[in-house]
Amino acid sequence: MMAPLGRGIAGPGDDTLLPPASPFRILHVSTGNVCRSPITERLHRHALALRLGADRSGGLLVESAGTWGHEGAPMEAHAATVLADYGADPAGFIGRELLDEHVIRADLVLTATRDHRAQVISMGHSAGLRTFTLKEFNRLVRAIDPATLPEPDPDLPDGGLVERARALVGAAAALRGWLLAPNPESDEVYDPYGAPITFFRSIGDEINQALDPVVTALTGLPARA
C-alpha cells in the first residue's frame, strides 16, 4: 500500500517530483534536526553530486528528520558554517519532526546515535533491518566486497544505483551480528547543539569521514582527488 503524502514528502505539483523509477530514500535522523542530521543530509547530497554530477542523483534521495524535531526551524548557524566549509549548500533547509511516514518510505535510515536508532526501530514498520547508526553503517559497508554488489548501469534511468543500494543495505544487515563495534561510543555522533564552532567543525569532520565510504559503496565511485 502506498504511504500517504505528508510534510517533507514530494507530491503532485511539487518542484521535487520523484523520478519515473522509485527512488532509494536515505533518511538521516538526529534529535532536533537542526545540527547533526542537516549537516549529514547536505554533506551526503554534496558528495553524491561530486561523484555523479550536479544534475544527477542516480535515484538516491537524501532527507532528514529529528526525533524531537524543531518543525519548520532553520538549521543552526554553526551547522550552516560547517556545510559552507565543505562547499555544501545549506540554503532552504527546514527542520522536520520524524513521522511514521518518513520511516515507512525510507529504504535506509542512518541515525546519529544508538538511542535514535532504537527510537526509529520502536516505531515499527519493519525498520530494524534498514536502520543503522551512521558510523555503524560505515563500519559494515567497509567490510563488504564491492564485487558482490550490482554494478552501476548507465543505460538505466537511475544508473543501476537503486538496485545496488538495496543490495548494500541487505549485505550490511547480514553482517551486523558478526562485525561488532570495538565499544559502544564508536557508533555515536555527539550533539554539538549550543557548542562553539570548533566543536561543530569536529563533528562535521566526523560526519564527512563516516559518509565517504558509504557514498563510495552506494555509487561505486571513489571521491575525486
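Reckoned from all heavy atoms, side chains included, excluding hydrogens, waters and symmetry mates.
Applying the side chain to side chain donor-acceptor pair (under 3.5 Å) test to Glu163 and every residue at least two apart in sequence or in another chain returns nothing. In this structure, Glu76 has no salt bridge (Lys or Arg N to Asp or Glu O under 4.0 Å) partners at least two apart in sequence or on a different chain. Partners of His46 according to the ring pair (Phe, Tyr, Trp, His ring centres under 6.0 Å) rule, which considers only residues two or more places apart in sequence or in another chain, do not exist here. Under the side chain to side chain contact (heavy atoms under 4.5 Å, CB included) criterion, Ala118 pairs with no residue at all, not counting sequence neighbours. Remark: Asp115 pairs with no residue by the salt bridge (Lys or Arg N to Asp or Glu O under 4.0 Å) rule, at least two apart or across chains. For Thr113, the side chain to side chain donor-acceptor pair (under 3.5 Å) partners at least two apart in sequence or on another chain are His116. For Asp205, the side chain to side chain contact (heavy atoms under 4.5 Å, CB included) partners two or more places apart in sequence, or in a different chain, are Tyr86, Gln209. Considering only residues two or more places apart in sequence or on other chains, Arg142 meets the side chain to side chain contact (heavy atoms under 4.5 Å, CB included) condition with Asn138, Arg139, Pro213. Ala127 pairs by the side chain to side chain contact (heavy atoms under 4.5 Å, CB included) definition with Val103, Val120, Arg130, Thr131, not counting sequence neighbours. For the ring pair (Phe, Tyr, Trp, His ring centres under 6.0 Å) test, residues two or more places apart in sequence or in another chain that qualify with Phe132 are Phe137. In terms of the side chain to side chain donor-acceptor pair (under 3.5 Å) criterion, residue partners of Asp212 (sequence neighbours excluded) are, by chain and number, Arg51. Residues satisfying the side chain to side chain donor-acceptor pair (under 3.5 Å) test with Asp153, not counting sequence neighbours, are none.
By the neighbour-count criterion of 12 heavy atoms within 6.0 Å, atom CG of Leu129 is sparsely surrounded, having that number or fewer from other residues, nucleotides or ligands.
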Please lay out, stage by stage, how Glu206 and Lys135 fare under the test salt bridge (charged side-chain N to carboxylate O under 4.0 Å, His left out).
CA-CA 9 Å; Glu206 279 186 38; Lys135 289 187 175 180; 2.7 Å; yes

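Glu136 has a carboxylate O that lies under 4.0 Å from a charged side-chain N of Arg117, or vice versa, which qualifies the two as a salt bridge. Salt bridge Glu101/Arg105: absent, no basic N to carboxylate O contact under 4.0 Å.
Residues Arg96 and His102 approach most closely at NH1-NE2, 3.4 Å, considering heavy atoms.
When each of Leu98, Thr67, Thr111, Val29 is tested with Gln119 by the rule side chain to side chain contact (heavy atoms under 4.5 Å, CB included), just one qualifies, namely Thr67.
Annotation: side chain of Pro38 is in contact with side chain of Asn33 (closest heavy-atom distance under 4.5 Å).
Residues Leu108 and Ile144 share a hydrophobic cluster, clusters being chains of Ile/Leu/Val/Met/Phe/Trp/Tyr side chains in contact below 4.5 Å.
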